Amino acid sequence: MKKLKILFLILIFITFLLLLYSVLYPNIVIDDNTIAFNSDEKFEYKAFNLFTDLTNRVTFDGNIDSGVVGKQTVTGKIKYLFYHVKKDFSIYVVDNEKPIITLNGEKDTSVCPNKIYEEEGFTAFDNYDKDITDKVVIYEKDNSIVYTISDSSGNTDIVRRYIKYEDKDEPLITLNGEEEMYVYLGNKFVDPLYIATDNCDGDITSKVIVTGTVDTSKLGTYEIKYEVTDSSENKTEISRKVIVINRPTYNYYGNGVIYLTFDDGPSYLTSQILDILDEENVKATFFVTSANDYTRRAYNSGHTIALHSYTHDYAYVYSSIDNYFEDLQMVSDRVYNVIGIRPTIIRFPGGSSNTVSRNYSKGIMTYLTSEVVKRGYNYFDWNVDSNDAGGDIYNSGNIYANVVNNLSHGKTNVVLMHDSGSHTATVNALRDIIRFGKNNGYTFSAITNSTPVVRHGVNN
Ligand code: ZN
(Lines give C-alpha, C1' and ligand atoms only; values in the text may rest on other atoms or scores of the structure.)
Protein backbone atom coordinates (compact mmCIF):
# COMPACT_ATOMS: atom_id res chain seq x y z
CA MET A 1 0.00 0.00 0.00
CA LYS A 2 2.87 2.32 0.88
CA LYS A 3 4.61 1.46 -2.35
CA LEU A 4 1.61 2.53 -4.26
CA LYS A 5 1.54 5.86 -2.46
CA ILE A 6 5.15 6.56 -3.38
CA LEU A 7 4.46 5.70 -7.00
CA PHE A 8 1.54 8.00 -6.95
CA LEU A 9 3.61 10.86 -5.56
CA ILE A 10 6.26 10.30 -8.27
CA LEU A 11 3.55 10.43 -10.86
CA ILE A 12 2.22 13.68 -9.46
CA PHE A 13 5.72 15.11 -9.49
CA ILE A 14 6.38 14.15 -13.14
CA THR A 15 3.04 15.62 -14.12
CA PHE A 16 4.00 18.76 -12.31
CA LEU A 17 7.35 18.96 -14.15
CA LEU A 18 5.66 18.46 -17.53
CA LEU A 19 3.15 21.12 -16.69
CA LEU A 20 5.89 23.47 -15.57
CA TYR A 21 7.83 22.79 -18.78
CA SER A 22 4.89 23.58 -20.97
CA VAL A 23 3.70 26.69 -19.22
CA LEU A 24 7.21 28.14 -19.22
CA TYR A 25 7.89 27.21 -22.89
CA PRO A 26 8.64 30.38 -24.92
CA ASN A 27 6.59 30.48 -28.10
CA ILE A 28 7.46 32.69 -31.13
CA VAL A 29 4.71 33.61 -33.56
CA ILE A 30 4.62 35.88 -36.63
CA ASP A 31 1.61 38.18 -36.64
CA ASP A 32 2.06 39.60 -40.14
CA ASN A 33 4.42 37.90 -42.56
CA THR A 34 4.11 40.32 -45.49
CA ILE A 35 6.30 43.30 -46.36
CA ALA A 36 5.56 45.79 -49.14
CA PHE A 37 8.04 45.82 -52.00
CA ASN A 38 10.86 48.34 -51.57
CA SER A 39 9.50 49.56 -48.24
CA ASP A 40 11.17 49.70 -44.86
CA GLU A 41 8.33 47.81 -43.24
CA LYS A 42 9.20 45.07 -40.72
CA PHE A 43 7.31 41.86 -40.24
CA GLU A 44 5.46 41.65 -36.95
CA TYR A 45 6.13 38.92 -34.39
CA LYS A 46 5.85 38.23 -30.69
CA ALA A 47 7.09 35.72 -28.15
CA PHE A 48 5.54 34.72 -24.85
CA ASN A 49 4.85 31.95 -22.42
CA LEU A 50 1.88 31.60 -20.22
CA PHE A 51 3.15 34.16 -17.78
CA THR A 52 5.42 36.58 -19.59
CA ASP A 53 5.87 38.52 -22.82
CA LEU A 54 9.26 37.48 -24.14
CA THR A 55 9.23 39.41 -27.42
CA ASN A 56 12.30 41.48 -26.64
CA ARG A 57 14.38 38.34 -26.12
CA VAL A 58 13.89 37.15 -29.72
CA THR A 59 16.67 37.40 -32.28
CA PHE A 60 16.51 36.48 -35.96
CA ASP A 61 19.06 34.89 -38.24
CA GLY A 62 18.92 36.14 -41.81
CA ASN A 63 17.66 39.40 -43.34
CA ILE A 64 14.65 40.18 -45.44
CA ASP A 65 15.45 42.05 -48.66
CA SER A 66 12.38 44.16 -49.43
CA GLY A 67 13.73 44.77 -52.94
CA VAL A 68 13.05 41.15 -53.93
CA VAL A 69 9.47 40.08 -54.36
CA GLY A 70 8.63 36.57 -53.11
CA LYS A 71 9.10 34.19 -50.21
CA GLN A 72 12.12 34.57 -47.92
CA THR A 73 13.05 32.64 -44.79
CA VAL A 74 14.33 33.81 -41.40
CA THR A 75 15.02 31.87 -38.25
CA GLY A 76 13.71 33.19 -34.98
CA LYS A 77 15.66 32.29 -31.84
CA ILE A 78 15.06 32.68 -28.14
CA LYS A 79 17.05 31.58 -25.12
CA TYR A 80 15.12 31.48 -21.91
CA LEU A 81 15.84 29.54 -18.75
CA PHE A 82 16.80 26.12 -19.99
CA TYR A 83 15.03 26.57 -23.38
CA HIS A 84 16.83 27.05 -26.72
CA VAL A 85 14.00 27.55 -29.17
CA LYS A 86 14.67 27.91 -32.90
CA LYS A 87 11.92 28.32 -35.47
CA ASP A 88 11.88 29.03 -39.27
CA PHE A 89 9.43 31.55 -40.65
CA SER A 90 8.39 32.39 -44.21
CA ILE A 91 8.17 36.13 -44.93
CA TYR A 92 6.59 37.38 -48.16
CA VAL A 93 7.71 40.54 -49.96
CA VAL A 94 4.71 41.63 -52.01
CA ASP A 95 4.08 44.25 -54.75
CA ASN A 96 0.81 45.91 -53.81
CA GLU A 97 1.22 48.96 -55.97
CA LYS A 98 -0.74 49.15 -59.22
CA PRO A 99 0.94 50.03 -62.49
CA ILE A 100 0.08 53.38 -64.07
CA ILE A 101 -1.01 53.94 -67.68
CA THR A 102 -0.29 57.41 -69.05
CA LEU A 103 -1.98 58.50 -72.28
CA ASN A 104 -0.38 60.76 -74.85
CA GLY A 105 -2.81 63.35 -76.17
CA GLU A 106 -6.15 64.28 -74.71
CA LYS A 107 -8.40 62.00 -72.69
CA ASP A 108 -11.37 63.54 -74.47
CA THR A 109 -10.80 63.82 -78.15
CA SER A 110 -12.80 64.62 -81.25
CA VAL A 111 -12.41 62.65 -84.45
CA CYS A 112 -13.96 63.27 -87.84
CA PRO A 113 -17.01 61.02 -88.35
CA ASN A 114 -15.47 59.50 -91.47
CA LYS A 115 -12.11 58.79 -89.86
CA ILE A 116 -10.85 56.34 -87.31
CA TYR A 117 -9.02 57.47 -84.24
CA GLU A 118 -5.30 57.35 -84.73
CA GLU A 119 -3.69 56.17 -81.53
CA GLU A 120 -1.52 58.90 -80.06
CA GLY A 121 0.33 56.46 -77.86
CA PHE A 122 0.61 55.62 -74.18
CA THR A 123 3.02 54.23 -71.62
CA ALA A 124 2.58 51.83 -68.75
CA PHE A 125 4.97 51.83 -65.83
CA ASP A 126 5.04 49.67 -62.74
CA ASN A 127 7.02 50.17 -59.57
CA TYR A 128 8.28 46.57 -59.76
CA ASP A 129 8.05 45.48 -63.40
CA LYS A 130 9.17 48.93 -64.67
CA ASP A 131 8.18 49.67 -68.29
CA ILE A 132 5.38 47.30 -69.28
CA THR A 133 3.92 49.38 -72.10
CA ASP A 134 4.00 46.34 -74.39
CA LYS A 135 1.64 44.48 -72.04
CA VAL A 136 -1.16 47.05 -72.32
CA VAL A 137 -4.35 45.57 -73.72
CA ILE A 138 -6.53 47.94 -75.75
CA TYR A 139 -10.10 47.58 -76.84
CA GLU A 140 -12.91 49.87 -77.97
CA LYS A 141 -16.13 50.11 -76.05
CA ASP A 142 -18.99 52.61 -76.11
CA ASN A 143 -17.14 55.34 -78.03
CA SER A 144 -14.16 55.01 -75.80
CA ILE A 145 -10.86 53.27 -76.01
CA VAL A 146 -10.06 51.23 -72.95
CA TYR A 147 -6.47 50.59 -71.92
CA THR A 148 -5.81 47.94 -69.30
CA ILE A 149 -2.64 46.67 -67.73
CA SER A 150 -1.81 44.03 -65.16
CA ASP A 151 1.56 43.79 -63.47
CA SER A 152 3.28 40.52 -62.60
CA SER A 153 1.70 40.60 -59.14
CA GLY A 154 -1.77 40.98 -60.57
CA ASN A 155 -2.25 44.67 -59.74
CA THR A 156 -4.19 46.41 -62.49
CA ASP A 157 -4.87 49.82 -63.92
CA ILE A 158 -7.53 50.86 -66.39
CA VAL A 159 -7.91 54.18 -68.20
CA ARG A 160 -10.25 55.36 -70.92
CA ARG A 161 -9.99 57.75 -73.79
CA TYR A 162 -13.35 59.14 -74.85
CA ILE A 163 -13.78 59.61 -78.58
CA LYS A 164 -16.41 61.91 -80.00
CA TYR A 165 -17.05 61.35 -83.68
CA GLU A 166 -18.02 64.80 -84.81
CA ASP A 167 -17.14 67.60 -87.20
CA LYS A 168 -18.01 71.01 -85.85
CA ASP A 169 -15.72 72.99 -88.13
CA GLU A 170 -17.02 74.76 -91.15
CA PRO A 171 -15.39 74.23 -94.52
CA LEU A 172 -13.23 76.98 -95.95
CA ILE A 173 -13.67 78.59 -99.34
CA THR A 174 -10.68 80.46 -100.71
CA LEU A 175 -11.28 82.69 -103.68
CA ASN A 176 -8.72 83.02 -106.41
CA GLY A 177 -8.45 86.64 -107.41
CA GLU A 178 -9.94 89.53 -105.50
CA GLU A 179 -13.11 89.68 -103.47
CA GLU A 180 -13.90 92.83 -105.38
CA MET A 181 -13.23 92.72 -109.11
CA TYR A 182 -13.61 95.23 -111.89
CA VAL A 183 -14.69 94.39 -115.43
CA TYR A 184 -15.03 96.75 -118.31
CA LEU A 185 -18.39 97.19 -119.91
CA GLY A 186 -18.72 94.74 -122.76
CA ASN A 187 -15.79 92.57 -121.65
CA LYS A 188 -16.29 88.98 -120.73
CA PHE A 189 -16.19 88.22 -117.01
CA VAL A 190 -14.22 85.13 -116.19
CA ASP A 191 -14.49 83.83 -112.65
CA PRO A 192 -10.97 83.12 -111.37
CA LEU A 193 -12.60 80.31 -109.36
CA TYR A 194 -12.00 79.08 -105.83
CA ILE A 195 -10.86 76.21 -103.68
CA ALA A 196 -12.95 74.65 -100.92
CA THR A 197 -11.43 72.49 -98.20
CA ASP A 198 -12.83 70.89 -95.10
CA ASN A 199 -11.05 69.60 -92.03
CA CYS A 200 -12.78 66.21 -92.39
CA ASP A 201 -13.75 65.91 -96.04
CA GLY A 202 -10.57 67.34 -97.56
CA ASP A 203 -10.92 69.00 -100.94
CA ILE A 204 -14.61 69.69 -101.58
CA THR A 205 -14.16 72.24 -104.35
CA SER A 206 -16.47 70.19 -106.55
CA LYS A 207 -19.29 70.64 -104.02
CA VAL A 208 -19.26 74.42 -104.22
CA ILE A 209 -22.51 75.88 -105.51
CA VAL A 210 -22.09 79.17 -107.34
CA THR A 211 -25.02 81.48 -107.81
CA GLY A 212 -25.33 84.93 -109.30
CA THR A 213 -24.42 86.28 -112.71
CA VAL A 214 -22.55 89.26 -114.03
CA ASP A 215 -24.14 91.11 -116.93
CA THR A 216 -21.21 92.95 -118.45
CA SER A 217 -23.51 94.70 -120.89
CA LYS A 218 -24.83 96.80 -117.99
CA LEU A 219 -22.91 98.98 -115.56
CA GLY A 220 -23.42 98.01 -111.97
CA THR A 221 -22.33 95.96 -109.00
CA TYR A 222 -22.99 92.24 -109.10
CA GLU A 223 -22.59 89.60 -106.44
CA ILE A 224 -21.54 86.03 -106.96
CA LYS A 225 -22.22 83.67 -104.06
CA TYR A 226 -20.16 80.60 -103.30
CA GLU A 227 -21.63 78.10 -100.91
CA VAL A 228 -20.45 74.72 -99.72
CA THR A 229 -21.67 72.22 -97.14
CA ASP A 230 -19.53 69.47 -95.66
CA SER A 231 -20.77 65.96 -94.92
CA SER A 232 -21.62 66.97 -91.35
CA GLU A 233 -23.85 69.77 -92.59
CA ASN A 234 -21.49 72.59 -91.66
CA LYS A 235 -22.03 75.30 -94.19
CA THR A 236 -19.90 78.18 -95.47
CA GLU A 237 -21.01 80.96 -97.71
CA ILE A 238 -18.92 83.77 -99.14
CA SER A 239 -19.35 86.17 -101.99
CA ARG A 240 -17.46 88.17 -104.54
CA LYS A 241 -18.39 91.62 -105.76
CA VAL A 242 -17.97 92.23 -109.47
CA ILE A 243 -18.28 95.80 -110.61
CA VAL A 244 -18.86 96.54 -114.28
CA ILE A 245 -17.27 99.88 -115.11
CA ASN A 246 -16.86 102.00 -118.19
CA ARG A 247 -13.89 101.32 -120.37
CA PRO A 248 -11.52 104.26 -120.03
CA THR A 249 -10.91 106.43 -123.06
CA TYR A 250 -7.42 106.98 -124.45
CA ASN A 251 -5.68 109.93 -125.96
CA TYR A 252 -4.32 108.96 -129.35
CA TYR A 253 -1.37 111.23 -129.68
CA GLY A 254 2.25 110.61 -130.31
CA ASN A 255 3.55 107.20 -131.25
CA GLY A 256 4.06 105.41 -127.95
CA VAL A 257 6.01 102.20 -127.93
CA ILE A 258 5.15 99.28 -125.70
CA TYR A 259 8.04 97.44 -124.06
CA LEU A 260 6.70 94.18 -122.69
CA THR A 261 8.98 92.92 -119.92
CA PHE A 262 8.90 89.53 -118.23
CA ASP A 263 10.61 89.09 -114.86
CA ASP A 264 11.79 86.05 -112.93
CA GLY A 265 12.08 83.54 -115.80
CA PRO A 266 12.90 81.31 -117.44
CA SER A 267 10.11 78.98 -116.39
CA TYR A 268 7.90 76.32 -117.91
CA LEU A 269 5.77 79.18 -119.24
CA THR A 270 8.59 80.79 -121.22
CA SER A 271 8.03 78.69 -124.34
CA GLN A 272 4.33 79.63 -124.41
CA ILE A 273 5.22 83.30 -124.08
CA LEU A 274 7.79 82.96 -126.87
CA ASP A 275 5.24 81.20 -129.09
CA ILE A 276 2.75 84.05 -128.69
CA LEU A 277 5.43 86.70 -129.25
CA ASP A 278 6.61 84.85 -132.38
CA GLU A 279 3.11 84.48 -133.74
CA GLU A 280 2.39 88.15 -133.12
CA ASN A 281 5.84 89.16 -134.34
CA VAL A 282 6.52 91.19 -131.23
CA LYS A 283 9.84 91.64 -129.45
CA ALA A 284 10.03 91.80 -125.68
CA THR A 285 12.51 91.89 -122.81
CA PHE A 286 13.22 89.12 -120.30
CA PHE A 287 14.71 90.06 -116.92
CA VAL A 288 15.99 86.63 -116.02
CA THR A 289 17.05 84.85 -112.86
CA SER A 290 18.86 82.09 -114.74
CA ALA A 291 19.34 80.85 -118.29
CA ASN A 292 18.47 77.75 -120.27
CA ASP A 293 17.39 76.65 -123.76
CA TYR A 294 14.41 79.01 -123.64
CA THR A 295 16.77 81.87 -122.93
CA ARG A 296 18.79 80.90 -125.99
CA ARG A 297 15.64 80.69 -128.08
CA ALA A 298 14.49 84.13 -126.84
CA TYR A 299 17.88 85.63 -127.57
CA ASN A 300 18.04 84.10 -131.04
CA SER A 301 14.53 85.40 -131.78
CA GLY A 302 15.66 88.97 -131.16
CA HIS A 303 14.30 89.48 -127.66
CA THR A 304 16.43 91.28 -125.12
CA ILE A 305 17.92 89.18 -122.34
CA ALA A 306 18.43 91.37 -119.29
CA LEU A 307 19.53 90.58 -115.75
CA HIS A 308 17.27 90.50 -112.71
CA SER A 309 18.59 88.51 -109.75
CA TYR A 310 19.95 85.04 -109.20
CA THR A 311 18.54 84.37 -105.74
CA HIS A 312 15.72 86.93 -105.79
CA ASP A 313 16.07 86.78 -102.03
CA TYR A 314 15.69 90.32 -100.72
CA ALA A 315 17.23 89.43 -97.40
CA TYR A 316 20.36 88.24 -99.16
CA VAL A 317 20.59 90.65 -102.08
CA TYR A 318 20.02 93.79 -100.07
CA SER A 319 22.01 92.92 -96.98
CA SER A 320 25.20 94.36 -98.48
CA ILE A 321 26.66 95.94 -101.61
CA ASP A 322 28.91 92.88 -102.03
CA ASN A 323 25.96 90.51 -101.87
CA TYR A 324 24.05 92.52 -104.43
CA PHE A 325 26.89 92.41 -106.96
CA GLU A 326 27.72 88.81 -106.20
CA ASP A 327 24.10 87.86 -106.89
CA LEU A 328 24.12 89.90 -110.12
CA GLN A 329 27.38 88.24 -111.15
CA MET A 330 25.85 84.81 -110.63
CA VAL A 331 22.95 85.44 -112.97
CA SER A 332 25.30 87.14 -115.42
CA ASP A 333 27.54 84.03 -115.42
CA ARG A 334 24.61 81.80 -116.20
CA VAL A 335 23.45 83.93 -119.07
CA TYR A 336 27.00 84.14 -120.39
CA ASN A 337 27.34 80.36 -120.29
CA VAL A 338 24.20 79.93 -122.39
CA ILE A 339 24.24 82.82 -124.91
CA GLY A 340 27.81 84.08 -124.67
CA ILE A 341 27.05 87.68 -123.78
CA ARG A 342 26.88 89.60 -120.54
CA PRO A 343 23.75 91.79 -120.56
CA THR A 344 24.11 95.36 -119.32
CA ILE A 345 20.40 96.04 -118.92
CA ILE A 346 19.21 95.13 -115.47
CA ARG A 347 16.22 95.40 -113.17
CA PHE A 348 16.50 95.46 -109.38
CA PRO A 349 14.49 92.82 -107.53
CA GLY A 350 11.44 94.75 -106.33
CA GLY A 351 12.40 97.68 -108.55
CA SER A 352 14.63 100.64 -107.65
CA SER A 353 11.79 102.14 -105.60
CA ASN A 354 11.45 99.10 -103.40
CA THR A 355 11.11 99.81 -99.71
CA VAL A 356 12.02 96.31 -98.61
CA SER A 357 15.78 96.78 -99.04
CA ARG A 358 15.94 99.27 -96.19
CA ASN A 359 14.94 96.52 -93.81
CA TYR A 360 18.24 94.81 -94.58
CA SER A 361 20.51 97.74 -95.27
CA LYS A 362 19.22 101.25 -94.92
CA GLY A 363 20.05 103.53 -97.82
CA ILE A 364 21.44 100.76 -100.01
CA MET A 365 19.29 101.68 -103.02
CA THR A 366 20.72 105.20 -103.12
CA TYR A 367 24.17 103.68 -103.41
CA LEU A 368 23.24 100.84 -105.77
CA THR A 369 21.35 102.98 -108.29
CA SER A 370 24.42 105.11 -108.89
CA GLU A 371 26.95 102.28 -108.49
CA VAL A 372 25.36 100.01 -111.12
CA VAL A 373 25.51 102.87 -113.63
CA LYS A 374 29.18 103.47 -112.76
CA ARG A 375 29.84 99.80 -113.41
CA GLY A 376 28.28 100.04 -116.87
CA TYR A 377 24.78 98.76 -116.20
CA ASN A 378 21.55 100.41 -117.29
CA TYR A 379 18.60 99.75 -115.03
CA PHE A 380 14.94 99.82 -115.92
CA ASP A 381 11.86 99.88 -113.76
CA TRP A 382 8.35 100.01 -115.24
CA ASN A 383 5.46 102.42 -115.56
CA VAL A 384 2.68 100.02 -116.47
CA ASP A 385 2.06 97.37 -113.83
CA SER A 386 -0.04 94.39 -114.89
CA ASN A 387 -0.37 93.54 -111.17
CA ASP A 388 0.21 89.91 -112.11
CA ALA A 389 2.46 89.54 -109.09
CA GLY A 390 -0.14 91.22 -106.92
CA GLY A 391 -3.80 90.57 -106.36
CA ASP A 392 -4.50 89.79 -110.00
CA ILE A 393 -2.08 86.89 -110.32
CA TYR A 394 -4.89 84.49 -111.32
CA ASN A 395 -7.06 86.97 -113.16
CA SER A 396 -6.17 87.39 -116.80
CA GLY A 397 -9.09 89.80 -117.31
CA ASN A 398 -7.72 92.12 -114.67
CA ILE A 399 -4.16 91.75 -115.94
CA TYR A 400 -5.36 92.75 -119.37
CA ALA A 401 -7.30 95.71 -117.95
CA ASN A 402 -4.41 96.86 -115.76
CA VAL A 403 -2.13 97.02 -118.78
CA VAL A 404 -4.37 98.50 -121.44
CA ASN A 405 -5.77 101.05 -119.01
CA ASN A 406 -2.31 102.45 -118.35
CA LEU A 407 -0.85 102.59 -121.83
CA SER A 408 -0.24 105.99 -123.29
CA HIS A 409 0.93 107.25 -126.65
CA GLY A 410 2.82 109.98 -124.90
CA LYS A 411 5.21 107.83 -122.96
CA THR A 412 7.63 104.95 -123.07
CA ASN A 413 5.36 102.15 -121.92
CA VAL A 414 7.39 99.65 -119.93
CA VAL A 415 4.98 96.90 -118.92
CA LEU A 416 5.79 94.72 -115.90
CA MET A 417 4.76 91.09 -116.22
CA HIS A 418 6.10 87.83 -114.84
CA ASP A 419 7.39 84.66 -116.38
CA SER A 420 7.48 82.17 -113.54
CA GLY A 421 5.35 79.34 -112.22
CA SER A 422 1.69 80.19 -111.46
CA HIS A 423 1.59 83.08 -113.92
CA THR A 424 -0.62 81.25 -116.40
CA ALA A 425 -3.07 84.15 -116.27
CA THR A 426 -0.33 86.43 -117.61
CA VAL A 427 0.20 84.10 -120.55
CA ASN A 428 -3.56 84.02 -121.11
CA ALA A 429 -3.79 87.82 -121.19
CA LEU A 430 -0.73 88.33 -123.38
CA ARG A 431 -2.24 87.94 -126.82
CA ASP A 432 -5.17 90.26 -126.00
CA ILE A 433 -2.75 92.88 -124.70
CA ILE A 434 -0.71 92.69 -127.91
CA ARG A 435 -3.86 92.84 -130.06
CA PHE A 436 -5.08 95.84 -128.10
CA GLY A 437 -1.76 97.59 -128.66
CA LYS A 438 -1.79 96.88 -132.36
CA ASN A 439 -5.41 97.93 -132.74
CA ASN A 440 -4.70 101.19 -130.96
CA GLY A 441 -1.69 102.32 -132.88
CA TYR A 442 1.13 101.15 -130.64
CA THR A 443 4.28 99.41 -131.69
CA PHE A 444 6.27 96.90 -129.67
CA SER A 445 9.94 96.83 -129.03
CA ALA A 446 12.56 95.10 -126.91
CA ILE A 447 14.47 97.34 -124.51
CA THR A 448 17.92 98.40 -125.70
CA ASN A 449 20.45 100.82 -124.32
CA SER A 450 18.93 103.52 -126.51
CA THR A 451 15.45 103.07 -125.02
CA PRO A 452 14.48 106.11 -122.91
CA VAL A 453 14.92 104.96 -119.35
CA VAL A 454 11.95 104.41 -117.10
CA ARG A 455 13.03 104.60 -113.50
CA HIS A 456 11.27 105.01 -110.21
CA GLY A 457 12.31 107.35 -107.48
CA VAL A 458 14.58 105.81 -104.87
CA ASN A 459 12.73 105.66 -101.61
CA ASN A 460 14.85 104.28 -98.84
ZN1 ZN B 1 11.24 89.74 -109.66
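Read the numbers this way: they start at 1 and go in the same order the structure lists the ligands and their atoms. Quick caveat, the model's predicted, so the values are computed rather than measured.
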Engineer: If you measure from the Lys or Arg side-chain nitrogens to the Asp or Glu carboxylate oxygens, is any gap between R297 and D275 under 4.0 Å?
Structural biologist: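 Answer for the salt bridge query: yes.
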Engineer: Y379 ring centre to R347 NZ or CZ under 6.0 Å, with the angle to the axis within 45°?
Structural biologist: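 No, R347 does not sit over the ring of Y379.
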Engineer: Classify the angle between the aromatic ring planes of Y314 and H312 as parallel (below 30°), tilted (30 to 60°) or perpendicular (above 60°).
Structural biologist: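 The arrangement is tilted - the two ring planes meet at 30° to 60°.
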Engineer: A196 and D203: which non-hydrogen atoms are nearest, and at how many Å?
Structural biologist: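 Closest heavy-atom pair between A196 and D203: O-OD1, 3.3 Å.
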Engineer: Any idea which N/O/S atom from H308 gets closest to the Zn ion (ligand 1)?
Structural biologist: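 This residue's closest N, O or S atom turns out to be NE2.
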Engineer: Is there an N/O/S atom in H312 at a distance below 2.8 Å from the Zn ion (ligand 1)?
Structural biologist: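 Yes, since at least one N, O or S atom of H312 sits under 2.8 Å from the Zn ion (ligand 1).
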Engineer: Do you see an N/O/S atom of D264, backbone or side chain, under 2.8 Å from the Zn ion (ligand 1)?
Structural biologist: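 Yes, D264 qualifies, because one of its backbone or side-chain N, O or S atoms lies under 2.8 Å.
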